[in-house]
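Below is one structure, written out as structure tokens, with a few remarks after it.
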Protein chains: 2
Amino acid sequence: MASHPLHLLVRKLEGGVQLDAEQRQAIYALPHMIRATPAGTYLLREGDPPTICAVLVTGYALRHKITRHGVRQIVSLQIPGEALDFQHLSLHTADHNIQTLTQADLALVPMQAVHDLAARHPAIADAILRHVQIEASIAREWMVNIGRRTARERLAHLLCEFACRLDAQGLVNGEGYELPMTQEQIGDALGLTSVHVNRSIRALEEEGLITRARRVISFPDIQRLRSVADFNDLYLHLRRQD
Amino acid sequence: MASHPLHLLVRKLEGGVQLDAEQRQAIYALPHMIRATPAGTYLLREGDPPTICAVLVTGYALRHKITRHGVRQIVSLQIPGEALDFQHLSLHTADHNIQTLTQADLALVPMQAVHDLAARHPAIADAILRHVQIEASIAREWMVNIGRRTARERLAHLLCEFACRLDAQGLVNGEGYELPMTQEQIGDALGLTSVHVNRSIRALEEEGLITRARRVISFPDIQRLRSVADFNDLYLHLRRQD
DNA sequence: CGTGCCCTTGATGCAAGTCAAGTTCCGTGG
DNA sequence: CCACGGAACTTGACTTGCATCAAGGGCACG
């Protein structure tokens with residue numbers, strides 16, 4: 001079943017809650033359409049009613065909000081296996097925008113089917129709740145990052161988080177990974193300008209904390225980077241006991 | 001039943017999901033102990049296992065995290081009627097600290113009892129999920145606030161949010177309300193220093209956007225304040241259709 | 001072989017931080 | 001009822017991290 005489009009979602013949900021074969025099967029049996037979307041596609045806009053639940057099969061997505069002055073804040077990054085619309089399961093209006101970051105393949109599941117599934121399987125309802133709670137935990141850590149760390153620390157923290165999350169989904173092979181974001185997007189995620197992101201990246205590079213080849217970033221000394229970032233992965237709740 | 005300690009929680013849960021008399025009754029029947037706590041009491045610490053679910057009956061609480069450098073970021077404010085530990089219902093380790101902001105009365109409910117209640121009543125499970133999702137939505141708006149607004153805007157936004165939330169719980173009587181925080185705590189919530197919070201408060205005051213008498217703040221021109229804050233209450237999901 | 005996005009770098013400005021010294025407000029005990 | 005002590009608030013002088021403005025430079029793609 002490793003090639004089923006919802007495999008990574010199941011993997012993620014099982015990371016926190018024990019599911020039996022029947023429950024796994026019920027998830028795989030969810031009605032869904034696969035849709036390939038180009039980078040930058042809006043999947044949901046603030047104010048819209050969420051009617052379908054998109055799951056990232058491949059590619060990346062982000063959540064963002066825009067202020068009256070037209071400035072953007074990215075409030076979340078999503079990686080393969082994550083459900084983009086669990087955040088709205090019991091709400092009737094979207095409070096933020098969801099957009100693909102890269103070319104992406106989505107599994108589109110009717111929201112009602114997710115509701116029904118959760119109602120039939122308490123363990124799945126629990127796994128969904130856990131999924132939502134972990135996103136909330138990540139949001140809290142981002143607040144700390146944006147509110148209380150320097151540009152260099154914020155950047156290091158983002159890199160550590162991305163590494164951990166990709167690794168947990170089995171998406172890291174070598175030493176580093178591709179961070180598929182422009183420096184402007186990184187700035188929007190960290191509450192900085194692209195110019196300052198650029199200077200901060202180069203500073204980390206000169207310190208030998210990261211190396212870059214295009215957008216592929218590697219970490220010669222991950223321990224030191226974590227220390228700079230004040231990174232503690234507890235908030236990601238990667239282990240079932242967390 | 002207006003005087004039942006869990007009345008405000010029921011009110012809050014009913015704000016989003018229709019509950020019938022039996023479900024309401026089941027919530028009121030939750031086993032609980034009432035405990036009065038002084039200001040500043042830690043209710044849960046990062047890394048601890050959450051075993052009880054505290055509900056604020058009176059008084060205020062906050063969630064915060066502390067960086068390696070000892071700087072604090074408040075990531076959430078909680079008002080009467082809010083459950084402090086729904087955030088951890090299906091997690092095994094707390095990822096942040098919870099502390100009372102003022103003297104407070106808590107209803108302490110065993111976590112297991114909440115679990116059982118949700119398992120028996122899908123509508124209540126749904127209401128809990130909604131409660132968690134709304135907190136996540138508030139967290140996203142705070143990221144925007146901290147990351148992309150000026151000190152003056154951040155402060156105005158916090159004041160508007162607090163006004164709306166108190167009002168939704170029926171806790172506002174006159175023109176203004178008491179904001180029971182020191183300027184240092186406000187700074188910790190907004191990613192600012194207390195000195196700068198002070199200057200920003202006085203700037204709002206001089207502009208005629210707020211008036212103060214001790215910690216009671218009033219808003220002579222709430223529309224203008226909202227406009228300054230770029231405040232749109234959609235993210236609070238106060239109406240059932242949201 | 002342009003043309004348009006990114007990335008890079010320099011010069012300059014400003015919002016917010018830091019440091020430090022009062023001042024006001026209150027609770028408490030004499 | 002008043003004096004004292006401590007926490008919170010206020011204000012000024014100075015510093016700094018990041019923003020802004022502006023001008024290249026590289027490289028992918030049609």
Side-chain angles (χ1 to χ4, degrees), chain A residues 38-40 67 69-74 101-103 144-159 178-207 210-217 228, chain B residues 38-40 60 62 67 69-74 101-103 144-159 178-207 210-217 228-230:
Chain A
T67 70
H69 304 300
V71 199
R72 180 165 91 148
Q73 176 69 45
I74 293 174
L101 175 57
T102 61
Q103 195 284 328
V144 177
N145 208 33
I146 296 168
R148 290 305 192 195
R149 294 203 182 99
T150 65
R152 173 165 160 275
E153 294 165 346
R154 290 183 213 184
L155 182 57
H157 196 279
L158 179 70
L159 296 176
E178 185 186 358
L179 182 67
M181 300 172 77
T182 67
Q183 293 181 0
E184 183 167 359
Q185 288 164 339
I186 296 172
D188 285 348
L190 299 178
L192 298 168
T193 58
S194 60
V195 172
H196 205 64
V197 167
N198 183 275
R199 295 196 223 269
S200 304
I201 289 179
R202 323 217 88 233
L204 287 184
E205 216 172 4
E206 276 167 34
E207 289 178 74
I210 62 172
T211 60
R212 289 184 303 159
R214 307 214 29 66
R215 281 182 188 163
V216 175
I217 302 189
V228 164
Chain B
Y60 299 87
L62 54 85
T67 71
H69 304 300
V71 199
R72 180 166 91 147
Q73 176 69 45
I74 293 175
L101 175 58
T102 62
Q103 195 285 328
V144 176
N145 209 32
I146 297 168
R148 291 305 193 195
R149 295 203 181 98
T150 65
R152 174 166 159 275
E153 293 166 346
R154 289 183 213 184
L155 182 58
H157 197 279
L158 179 71
L159 296 176
E178 185 187 358
L179 182 67
M181 302 172 76
T182 67
Q183 292 180 2
E184 183 167 358
Q185 288 164 338
I186 296 173
D188 285 348
L190 299 178
L192 298 168
T193 58
S194 61
V195 172
H196 203 64
V197 167
N198 183 275
R199 294 197 224 271
S200 303
I201 288 179
R202 324 218 87 232
L204 287 184
E205 215 173 6
E206 275 166 33
E207 289 178 74
I210 62 172
T211 61
R212 288 184 303 160
R214 309 215 25 67
R215 282 183 187 162
V216 176
I217 303 189
V228 164
D230 183 27

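Letters go in sequence order (proteins before strands), and every chain restarts at 1.
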Task: Phosphate OP1/OP2 of dC6(C): any R212(A) side-chain N/O under 4.0 Å - done: no
TODO: Using atom CD of E184(B) as one end and atom P of dC9(D) as the other, report the distance to the nearest whole Å.
DONE: 9 Å
Close N or O pairs between protein and nucleotides 17-25 of chain D (under 3.5 Å):
unit_1  : atom_1 : unit_2  : atom_2 : d
dC18(D) : OP1    : A151(A) : N      : 3.1
dC18(D) : OP2    : H196(A) : NE2    : 3.3
dC18(D) : O5'    : H196(A) : NE2    : 3.4
dA19(D) : OP1    : T193(A) : N      : 3.2
dA19(D) : OP2    : T193(A) : N      : 3.2
dA19(D) : OP2    : T193(A) : OG1    : 2.9
dT20(D) : O4     : R199(A) : NH2    : 3.3

Task: Euclidean distance, atom CZ of residue R214(A) to atom C1' of dC7(C) [Å, nearest integer] - done: 10 Å
Task: Atom-pair distance (CG on L190(B); P on dA15(C)), nearest Å - done: 18 Å
Open item on the list: Treating E206(A) as the side-chain partner and A203(A) as the backbone partner, does any N or O pair qualify as donor plus acceptor under 3.5 Å?
Closed with: no
Open item on the list: What is the separation between atom CZ on R202(A) and atom C1' on dC6(C), rounded to the nearest whole Å?
Closed with: 13 Å
Task: Between dA16(C) (P) and I186(B) (CD1): distance, integer Å - done: 16 Å
Tell me which donor-acceptor pairs under 3.5 Å the side chains of residues 183-193 of chain A have, and how far apart each pair is, sequence neighbours excluded?
unit_1  : atom_1 : unit_2  : atom_2 : d
Q183(A) : OE1    : N198(A) : ND2    : 2.8
Q185(A) : OE1    : T182(A) : N      : 2.9
D188(A) : OD1    : R148(B) : NH2    : 2.8
D188(A) : OD2    : R72(A)  : NE     : 3.0
T193(A) : OG1    : H196(A) : N      : 3.4

Open item on the list: In this structure, how many angstroms lie between the P atom of dG12(D) and the CG atom of N198(B), rounded?
Closed with: 11 Å
Open item on the list: Quick one, L159(A) and I217(A) - any side-chain contact, counting heavy atoms below 4.5 Å?
Closed with: yes
Task: Test salt bridge (charged side-chain N to carboxylate O under 4.0 Å, His left out) applied to R212(B) - qualifying residues, sequence neighbours left out - done: E205(B)
Open item on the list: Tell me every residue that passes salt bridge (charged side-chain N to carboxylate O under 4.0 Å, His left out) with E207(B), counting only those two or more places apart in sequence or in another chain.
Closed with: R152(B)
TODO: Starting at atom CD1 of I217(A), determine the distance to atom C1' of dC7(C), rounded to an integer number of angstrom.
DONE: 13 Å
Open item on the list: Side chain of R215(B), heavy atoms from C-beta onward: which of dC6(C), dA8(D), dT11(D) has the nearest atom to it?
Closed with: dA8(D)
Task: Rounded distance (Å) that lies between atom P of dT10(D) and atom CD1 of I201(B) - done: 7 Å
Task: Q183(B) vs dT10(D): side-chain N/O to OP1/OP2 distance below 4.0 Å - done: yes
Open item on the list: Restricting to salt bridge (charged side-chain N to carboxylate O under 4.0 Å, His left out), what partner residues turn up for R154(A), sequence neighbours left out?
Closed with: none
Open item on the list: Keeping T102(B) on the side-chain end and Y60(B) on the backbone end, is there a donor-acceptor pair under 3.5 Å?
Closed with: yes
